[in-house]
Amino acid sequence: MIIETKGHSQKNAVQNTALLFFPLSGFADDSDGRVITSSLETVDGIAESVAVIEDNGRKTEASVKARLDEKCDEAALVSKALFLAGREHTGISPAWGTVTGIRAAKFIRQKRKFMTSAEIAEIYCVREDKIRLSEMVCESEEKALSKLDGKSVSLYISIPFCPSRCYYCSFVSHSIEKAGALIPDYVKALCDELEEVKKVCDKTGVYVSTVYMGGGTPTTLTAGQLDVVLSKVNELFDPKLFDEFTVEAGRPDTITEEKLDVLRKCGVTRISINPQTMNDKTLERIGRKHTAQDVVWAYELAKSKGFDCINTDLIAGLDTEDEKDFDFTLDKILSMRPENVTVHTLSVKRAANLRDDGDSAIERASLTEYMTEMAQKRLLEAGYRPYYMYKQKNMVGNLENVGYALDDKDGLYNIYIMGEYQTIIAVGAGAVSKVVNGKNGRIERVFNYKYPYEYLDDKQKMLGNIARLEELIRETL
Ligand code: SF4
């Protein structure tokens with residue numbers, strides 16, 4: 001596809017909008033027979049954008065006029081014109097309109113400071129139910145943000161190991177068959193890095209308010225290894241200041257009574273037990289080495305140990321599942337009534353790996369959208385509230401992932417990291433620290449080595465990263 005712009009330089013906005021209707025397209029040439037022209041002209045203070053789609057001999061045109069201001073800027077106007085043309089041309093009407101960024105709730109929260117919901121719906125073509133969803137998420141965010149004081153940070157501990165690899169996995173995670181021998185050294189290296197983080201906290205005066213051990217599957221570690229890392233966290237940082245302490249137990253085939261006892265002893269307040277689906281056939285097809293019954297077993301065991309905040313991750317649009325399969329999963333999960341339910345959707349990258357073309361990717365997206373709407377309806381009816389949300393990059397249908405919570409059980413770390421509201425210090429292989437500077441609005445990232453063997457081989461790099469973190473944190477104070 002070729003994109004031509006006239007009278008403006010909002011090519012990115014035009015490309016992002018074009019991808020809503022022609023997913024998986026490239027912009028290098030017109031070998032797919034498509035040319036999109038987007039123009040902008042201002043006469044007497046009124047701007048008009050015209051979008052023309054020429055698609056293998058078929059032509060569709062749309063235009064919009066507005067006075068450019070804070071509410072409707074150039075990017076918004078050219079995107080809207082193309083959105084209207086794309087909708088007419090393809091018959092597809094993406095629910096999030098021209099809001100294509102990952103942080104849709106944050107975008108709408110910022111716009112709501114000076115725009116009404118109706119204005120957002122009108123200018124960005126967002127469906128009303130998505131604005132309502134964003135508003136509910138914003139309410140939860142407000143509560144979580146009130147806990148931040150400019151001195152608190154989150155601590156992320158990366159455990160990039162899993163018992164085996166799921167076919168849809170897009171993380172850097174290593175099956176223990178291949179990388180298990182590295183784990184003892186990895187545990188030691190993590191403790192060393194945590195010691196260095198502690199020094200940064202002491203020198204700068206920041207403190208850890210939420211801890212999140214994620215992966216991978218952290219419970220791939222033995223009970224003893226978990227004990228070493230989590231006890232180290234408690235020894236170095238002040239657990240009385242922790243608003244939340246999460247460990248992703250992830251796959252039930254890694255959970256044992258002994259490990260749960262260690263998590264309880266170390267003050268973990270929130271765990272994940274992730275079924276993805278409660279259909280055994282799908283679990284087998286996607287390479288998970290456990291059954292739905294194993295999920296129930298692990299969940300009940302964790303409850304009997306006193307865990308009162310358990311998250312379950314589900315995936316809508318997984319493999320060959322249809323509405324009935326997804327409904328069955330929702331039935332099972334709602335009967336367990338976990339405090340958090342996170343509904344994910346598969347990304348277009350995965351669809352591409354399944355060798356879909358754009359059209360079948362759109363069909364898949366529309367089924368997935370139906371499933372996410374079904375999940376939202378059923379979870380709201382069951383008393384859950386959406387508390388955080390993000391959209392995956394390159395998601396077909398521009399769909400969102402949503403975390404739902406009962407009562408006041410919102411996962412704070414999820415809110416902070418997704419909204420980029422708080423500095424996250426991340427340790428371990430594949431970890432990326434993010435320093436949020438409230439003074440200038442900048443976000444700086446510090447990248448650890450991606451793979452465990454690199455991380456273990458170069459302690460100097462870790463020390464260099466820690467020094468950089470300290471420098472960046474000082475700038476925020
Ligand atoms: S459990 Fe998660 S991180 Fe591990 S392989 Fe599966 S999808 Fe990837």
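Heavy-atom basis, side chains included; hydrogens, waters and symmetry copies ignored. Whatever order the structure lists ligands and atoms in, that order sets their numbers, starting from 1.
A parallel orientation is assigned to the rings of Tyr451 and Tyr453, their planes being inclined by less than 30° (bins at 30° and 60°). Aromatic ring orientation, Phe161 versus Tyr186: perpendicular (interplanar angle above 60°, classes split at 30° and 60°).
Asp322 and Lys324 are not joined by a salt bridge, as no carboxylate oxygen comes within less than 4.0 angstrom of a charged side-chain nitrogen.
Near Cys166, meaning under 4.0 Å from one of its heavy atoms, ligand 1 places the atoms 1 (S), 5 (S), 6 (Fe), 7 (S). Within the listing of ligand 1, atoms 5 (S) sit less than 4.0 angstrom from a heavy atom of Ser164. Of all the atoms in ligand 1, the ones that sit under 4.0 Å from a non-hydrogen atom of Arg288 are 1 (S). Near Arg165, meaning under 4.0 Å from any of its heavy atoms, are these atoms of ligand 1: 5 (S).
Separation of atoms NZ (Lys151) and OG (Ser209) is listed at 13.5 Å; rounding is to 0.5 Å. Here Ile273 contributes atom CD1 and Ile255 contributes atom CD1; the two are 4.0 Å apart, rounded to the nearest 0.5 Å.
At a heavy-atom distance under 4.0 Å, only side-chain atoms of Thr217, from C-beta outward, approach ligand 1.
At a 4.0 Å cut-off, at least one heavy atom of Gly216 sits close enough to ligand 1 to count as contact.
Metal site remark for atom 4 (Fe) of ligand 1: Cys162 contributes an N, O or S atom at a distance under 2.8 Å.
Not counting sequence neighbours, Thr256 has no partner by the side-chain hydrogen bond (donor to acceptor under 3.5 Å, both in side chains) test.
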